[in-house]
There are 2 protein chains.
Amino acid sequence: MRNNISVLKKYIASQAISKCASCSLRELCLPVGLDAHETEILSDLIEHKCKIGRGEYLLRAGMRFKSLYAVRNGFFKSYILDSEGRQQVTGFYMTGELLGLDAISAEIHTCETVALEDSEVCEVPFERLEEISCSIPLLMHQFHKIMSREIVQDHRVMVLLGNMKAEERIAAFLLNLSDRFEKRGYSATSFVLRMTREEIGSYLGLKLETVSRSFSKLQDEGMITINNKHVELHDIHRLTRKISGY
Amino acid sequence: MRNNISVLKKYIASQAISKCASCSLRELCLPVGLDAHETEILSDLIEHKCKIGRGEYLLRAGMRFKSLYAVRNGFFKSYILDSEGRQQVTGFYMTGELLGLDAISAEIHTCETVALEDSEVCEVPFERLEEISCSIPLLMHQFHKIMSREIVQDHRVMVLLGNMKAEERIAAFLLNLSDRFEKRGYSATSFVLRMTREEIGSYLGLKLETVSRSFSKLQDEGMITINNKHVELHDIHRLTRKISGY
DNA sequence: CGCTCGGTTGACCCGTTTCAAGTAACGTGG
DNA sequence: CCACGTTACTTGAAACGGGTCAACCGAGCG
C-alpha cells in the first residue's frame with residue numbers, strides 16, 4: 001500500500017514537471033505569452049520528455065514530417081549530407097529551441113539531427129499545433145516569431161560565411177553561444193563546447209585545423225582560454241570589437 | 001460622358017486583374033490551394049499593386065514591421081548592411097515570392113530591400129493575415145510552408161558558402177535562377193541577370209573579379225554563354241554535375 | 001560626345017587548406 | 001583500475017585558391 005502510493009506520487013510528480021506550465025523553458029519556447037488555460041491546451045497535445053541518448057538521431061533526412069521537436073534539455077546538431085557523404089552543419093540547438101522547421105515546406109525532413117549529449121525533447125505534432133493555433137492567436141504568433149528568428153539566425157551565418165575571416169568567425173561563434181547560454185541562466189563566460197572542432201568547422205565553413213589555430217590565436221591574444229572543450233571568455237568586449245563591422 | 005465611362009471601365013479592369021483570384025501567380029503565392037471564397041477574403045485584405053521603381057527601396061533596415069510584400073512582378077534584392085557599410089546580399093526575390101519574413105521575430109526589418117528593376121508588389125498586412133488565417137487553415141498552412149521554404153533556401157546557401165569553390169557556386173547560382181524562371185513560365189536556358197557582378201559576389205561570398213572570372217571559365221568550357229547580363233545555359237547536365245556532391 | 005559605371009583580365013599576395021607528424025583525452029575490455 | 005586502441009586536437013610546412021591592386025575596355029546615359 002505504502003509503496004503504491006509512493007509510486008503514484010512519483011508518477012504525478014513526473015507528469016507535473018513535464019507540463020509546459022511548470023517548465024523552466026516557458027519563456028524561451030512555444031508557450032511565451034500564453035495564459036494558464038492556453039498553456040494547458042498546448043501542453044496536452046505535446047508528447048513530453050522523449051529521451052535521446054548521446055549520438056542518437058532524432059531526425060533523419062528523408063523522414064516524413066510529422067512533428068516539430070522542442071529541446072527540453074541537452075544539445076543537438078543538424079546537418080545536411082551531400083551526395084559524397086560530407087556534412088554541412090546547419091545549426092546547433094539548445095534548450096528551448098525548436099527543431100524540424102525546414103521540413104514543413106516539403107513535408108520531408110532535409111536535415112539529419114543528432115544529440116551531442118544525452119537529451120530530452122518534447123514532440124509537437126504539427127498538424128495539431130496548426131489546429132489549436134487557430135483558436136490561440138498568441139500561440140500562432142509566437143510560432144511565427146520562432147520561424148522568423150530561425151531565418152534571422154541563418155542570415156547571420158550567411159554574413160559570417162560570406163564576409164568574415166577565420167578568427168572573426170570563431171569570435172562570432174563563441175559570442176553567439178555565450179549569449180544563448182546566458183539567456184538560459186548559465187554563465188556567459190565559461191562553458192563547455194559540446195561539439196568537435198570538425199563540427200564547428202563545418203558550421204563556420206572552415207577546416208578543423210583552422211578552427212584549432214584560431215582558438216590558439218585568440219588564446220595567445222588573451223581573449224579566451226581554451227582547454228579541450230572548456231572555454232573561458234576573458235574579454236567579451238574585445239571579442240565583440242573583433243567582429244564589429246558585421 | 002464617354003470619357004467618364006471609359007475611365008470607370010479602366011478602373012474596374014485594373015481592380016479585377018489585381019485580385020488574387022485572377023493573378024497569374026496564384027499557384028506560387030499565398031493563395032495556393034484556397035477555394036474561390038477563401039481567395040476572396042485573402043484578396044480583400046491585400047493592398048494590390050504598389051509600384052516600386054528600379055533602385056527604389058521597398059524596405060529599410062530598422063523600419064517597424066507591419067506588412068509582408070509579395071512580388072507581383074519585377075525583381076528585388078535584400079541585403080544586410082554591416083557597420084562599415086558593406087553589403088551582404090541575403091537573397092534575390094522574383095515574382096510570387098514573399099518579402100519581409102525576417103522581420104516578424106523582432107517586429108523590425110533587418111534587411112534593406114531594393115528593386116533591381118521596375119516592380120510591383122502586393123502589401124499583405126501581417127496582423128490581418130494572422131487573423132484571417134485562423135479561419136482559413138489552408139492559408140495558414142501555406143504561409144508556414146513559405147516560411148519553411150525560406151529556411152531551406154537559406155540552408156542551401158549555407159552549404160554553398162561553406163563548401164563550394166567559386167565556379168561551383170556560380171553554377172549553383174545559375175541553376176537556381178534557371179529553376180525559378182522555369183517555374184514562372186520563362187526559359188530555363190536563356191535569361192537576363194538583373195543584378196551586377198558585385199551583387200552576385202556578395203550573395204555567393206566572392207569578389208566581383210572572381211565572379212567575372214568564373215563566368216569566363218564556364219564559358220570557355222562551353223557550358224554557358226554570357227554576354228553582359230544575358231546568360232545562356234548550354235549544358236544544364238554538365239553544370240549540375242559540377243555541383244553534384246552538394 | 002564624353003563621362004561614368006560595370007565588367008574583364010593579368011600579376012602578385014595572403015589566408016586557408018592540405019598533408020603530415022605528434023600528442024592528449026576517451027572509452028572499452030581485460 | 002589500468003592498458004590499449006581510437007578519436008580528437010595541435011602544430012608545422014608547403015600548396016593553392018581567391019583576394020587585392022591595377023589597367024583597360026565597352027555600354028549606357030546625360
Side-chain angles (χ1 to χ4, degrees), chain A residues 53-56 75 77 84 86-89 114 116-118 160-174 192-221 224-231 242-243 245, chain B residues 53-55 77 84 86-89 114 116-118 160-174 192-221 224-231 242-243 245:
Chain A
R54 177 181 172 181
E56 279 175 35
F75 204 90
K77 78 164 170 182
E84 257 116 71
R86 278 166 307 203
Q87 300 181 8
Q88 164 73 33
V89 172
V114 59
L116 296 183
E117 59 181 17
D118 289 348
L160 180 150
L161 292 171
N163 294 322
M164 295 193 196
K165 295 216 192 307
E167 264 177 69
E168 297 166 341
R169 295 183 196 195
I170 294 289
F173 175 70
L174 291 174
V192 173
L193 300 172
R194 262 63 190 232
M195 67 296 279
T196 67
R197 303 288 189 264
E198 186 166 18
E199 287 161 342
I200 297 172
S202 169
Y203 185 54
L204 300 179
L206 302 168
K207 294 292 151 186
L208 69 96
E209 294 93 330
T210 310
V211 173
S212 182
R213 275 186 253 271
S214 302
F215 276 142
S216 301
K217 187 90 184 299
L218 290 177
Q219 184 163 238
D220 292 347
E221 292 170 358
I224 68 170
T225 303
I226 183 145
N227 207 312
N228 276 308
K229 306 240 170 187
H230 186 96
V231 192
K242 199 149 200 120
I243 61 165
Chain B
R54 177 181 171 182
K77 77 165 171 181
E84 258 116 72
R86 277 166 307 204
Q87 300 182 8
Q88 165 73 32
V89 173
V114 60
L116 297 183
E117 59 180 17
D118 290 347
L160 181 150
L161 292 171
N163 294 323
M164 294 193 197
K165 296 218 193 307
E167 262 177 73
E168 295 166 342
R169 294 183 198 196
I170 294 289
F173 175 70
L174 291 174
V192 173
L193 300 172
R194 264 64 191 231
M195 67 297 277
T196 66
R197 305 288 189 262
E198 186 166 20
E199 288 161 341
I200 297 172
S202 169
Y203 185 55
L204 301 180
L206 301 169
K207 293 294 151 184
L208 69 95
E209 294 94 329
T210 309
V211 173
S212 182
R213 274 187 253 271
S214 302
F215 276 141
S216 301
K217 188 87 185 302
L218 290 176
Q219 184 163 237
D220 292 347
E221 293 170 356
I224 67 171
T225 303
I226 184 147
N227 208 311
N228 277 307
K229 305 242 171 186
H230 187 95
V231 193
K242 198 149 202 122
I243 61 167

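Side chains included, hydrogens not; waters and symmetry mates left out as well; all remaining heavy atoms used. Every chain is numbered from 1 and lettered A, B, ... according to where its sequence line falls, protein lines coming before strand lines.
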In whole angstroms, how far is the [atom2] atom of [N] from the [atom1] atom of [X]?
X        : N      : atom1 : atom2 : value
A:Ile226 : D:dA8  : CD1   : P     : 16 Å
A:Arg213 : D:dA8  : CZ    : P     : 18 Å
A:Leu193 : D:dT10 : CG    : P     : 10 Å
B:Asn228 : D:dA27 : CG    : P     : 7 Å
A:Arg54  : D:dT7  : CZ    : P     : 13 Å

Any base atoms under 4.0 Å from A:Lys217, or only sugar-phosphate, or nothing? Heavy atoms, all strands.
nothing
Determine to 10° how strongly the helix from C:dC1-D:dG30 to C:dG30-D:dC1 is bent, judged from the axes of its five-pair ends.
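The angle, to the nearest 10 degrees, is 50°.
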What's the shortest heavy-atom distance between [X] and [Y], and which atoms?
X        : Y        : value
B:Leu204 : B:Arg169 : O-NH1, 2.7 Å
A:Tyr203 : A:Gln88  : O-NE2, 4.1 Å
B:Ile243 : B:Ala172 : CG2-N, 3.8 Å
B:Leu161 : B:Gly205 : CD2-N, 3.6 Å
A:Thr210 : A:Ala166 : CG2-CB, 3.7 Å
B:Glu167 : B:Lys217 : OE2-NZ, 2.9 Å

Which distance, rounded to the nearest 0.5 Å, do you find between the [atom1] of [X] and the [atom2] of [Y]?
X        : Y        : atom1 : atom2 : result
A:Leu174 : A:Ile226 : CG    : CD1   : 7.0 Å
A:Ser214 : A:Lys165 : OG    : NZ    : 12.0 Å
B:Ile200 : B:Leu193 : CD1   : CG    : 5.0 Å

Under a 4.0 Å heavy-atom cut-off, which of residues 161-169 of chain A touch DNA chain D?
none
Sort out for me which residue in A:Ile224, A:Thr225, A:Val231 forms a side chain to side chain contact (heavy atoms under 4.5 Å, CB included) with A:Phe215.
A:Ile224
So which pairs with a foot in residues 195-204 of chain B pass salt bridge (Lys or Arg N to Asp or Glu O under 4.0 Å), sequence neighbours left out?
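Qualifying pairs, neighbours excluded: B:Lys77-B:Glu199.
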Taking salt bridge (Lys or Arg N to Asp or Glu O under 4.0 Å) as the test, write out the residues that go with A:Glu168, two or more places apart.
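So A:Glu168 forms no salt bridge (Lys or Arg N to Asp or Glu O under 4.0 Å) with any residue.
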Mind checking which nucleotides bracket the chain A contacts on DNA chain C, 5' to 3', with an atom under 4.0 Å from a heavy atom?
C:dT16 to C:dG27
B:Leu218 versus B:Lys242: any side-chain heavy-atom pair under 4.5 Å?
yes
Do any of residues 204-212 of chain B sit with a heavy atom less than 4.0 Å from DNA chain C, and if so which?
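By residue number: B:Leu208, B:Glu209, B:Ser212.
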